[in-house]
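To start, the structure under review is shown below, and the notes come after it.
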Amino acid sequence: MSDWIASRGMPLSGEVMVPGDKSVSHRAIMLGAIAEGATRIEGFLEGGDTRATAAIFAQLGVRIDAPSEGVRIVHGAGLRGLRAPSAPLDCGNAGTAMRLLTGLLAGRGFDTVLVGDESLSRRPMRRVIEPLAAMGAVIESNDGCAPLRIRGGRALRGIDCTLPVASAQLKSAVLLAGMDANGETVVREPHPTRDYTERMLAAFGADIEFAPGFARLRGGKPLRATSIEVPADFSSAAFFLVAASIVPGSELLLRKVGVNPRRTGLLHVLRAMGADITEENPGERGGEPVADLRVRHASLRGTEVPVECVPDMIDEFPALFVAAACAEGTTVVRGAMELRVKESDRIATMAAGLRTLGIRVDETPDGADIHGGTLHGGGIDSHGDHRIAMAFAVVAQIAQGEVRIGDVANVATSFPGFDALARSRGFELHPA
Ligand code: S3P
């Protein structure tokens, strides 16, 4: 098991371009694989999660070339062209891979088995199995968790469903199954979530209409290959936004970050806390809004996170907890129950780690009150959760002592090279 040692670093400075967006990279492989023709992907995230998705499609008979780092050419097999795999499909740590693939594979002519690592095998899959079963899919699970056995040869029918949780993975699974279904599939969300699947389906020529919280798709229309430029991942940028905000004297420029409004809830909350973050050079990359984000150190104060912002920053709570620990006063998080079923229970894992470093955190079932204070050193267990590991590397930059962060190998699932990049900008962060 690999660990990091992190401690007080230098002010952060210079420019950073973080790796490609994880959500977009997964979807680019998936839609490229079922399209007709060759899809070129640039800025593909070379992370464990997205490589697992690419390897799965190779097992399903799709040729995927990797001519250089961050580039993939997916030779689409068409809507009906995937082949039966000869072994289980390993999603590793990737919830997005498992949930979206469950939808994408539900209407195939062959059986598939999806497996994952220990963390993924604990995560809830019933939420995706149930709407797919209503479409006619037959999916067996281990009491609602992976491994999932998807029975082939089922004719799917479109449904009109309101999802029980605001989850882009769930919405996407239903839409991908809808591509194989008879008739129309309508998905309504309790709160709008990231709309990459809808945008990308439209770019590939699918018959889809969508608006925040709503999507309607008519299945069966062949997808046309396209080219996709993946923006830099806001969720990876988030660690640098918080780091530069809390380390005195910092000024950092994050280049070409995806700023889809369904992802940038943390920007609003950090600004409400007093952060100094400006957007420069607004543009577009692969149909997605991007901007350079300039962040300067600022004194932060506690805030109440608006409940309606929670889905727009669902992956950013480890970073937000760090900002809250360094702020003056209390930060209140509620309505974030979903954090308990991420790669780890992110409320409990962040609370435990921050307490170890001297911060008072009062947990509630759906959030926490984080009381800003002075941080000292200590030993943290990341529970193999990539974002928890990176969050503690950030907070260590202003701790009064050394922080040892355990079990950090999974950082490579979403942000390969994080430690080297962070070091190059001023972090004090080393393999133990
Ligand atoms: C994702 C959706 C979110 C997010 C995950 C990526 C996606 O999960 O936490 O990291 O790519 O659709 P939920 O749909 O479970 O909220």
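Each ligand, and each atom within it, is numbered from 1 in the order the structure gives.
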- Taking only heavy atoms of the protein into account, state which residues are under 4.0 angstrom from an atom of ligand 1, in chain and number order. Lys22, Ser23, Arg27, Thr96, Arg99, Ser167, Ala168, Gln169, Arg194, Ile314, Asp315, Lys342

- Across all chains, not counting sequence neighbours, the salt bridge (charged side-chain N to carboxylate O under 4.0 Å, His left out) partners of Glu308 are none

- Phe239 and Phe418 aromatic ring geometry - parallel, tilted or perpendicular at 30°/60° bounds: perpendicular

- Query: Which atom names give the shortest non-hydrogen contact between His191 and Pro311, and what distance separates them?
  - Reply: ND1-CG, 3.4 Å

- Mind running side-chain hydrogen bond (donor to acceptor under 3.5 Å, both in side chains) on Ser344 and Thr349 for me, showing each step along the way? CA-CA 7 Å; Ser344 69; Thr349 324; 3.1 Å; yes

- Message: Checking Glu36 now: which residues fulfil side-chain contact (heavy atoms from CB on, under 4.5 Å) with it, not counting sequence neighbours?
- Response: Pro222

- Message: The criterion is side-chain contact (heavy atoms from CB on, under 4.5 Å); which residues satisfy it with Val290, sequence neighbours excluded?
- Response: Pro231, Arg285

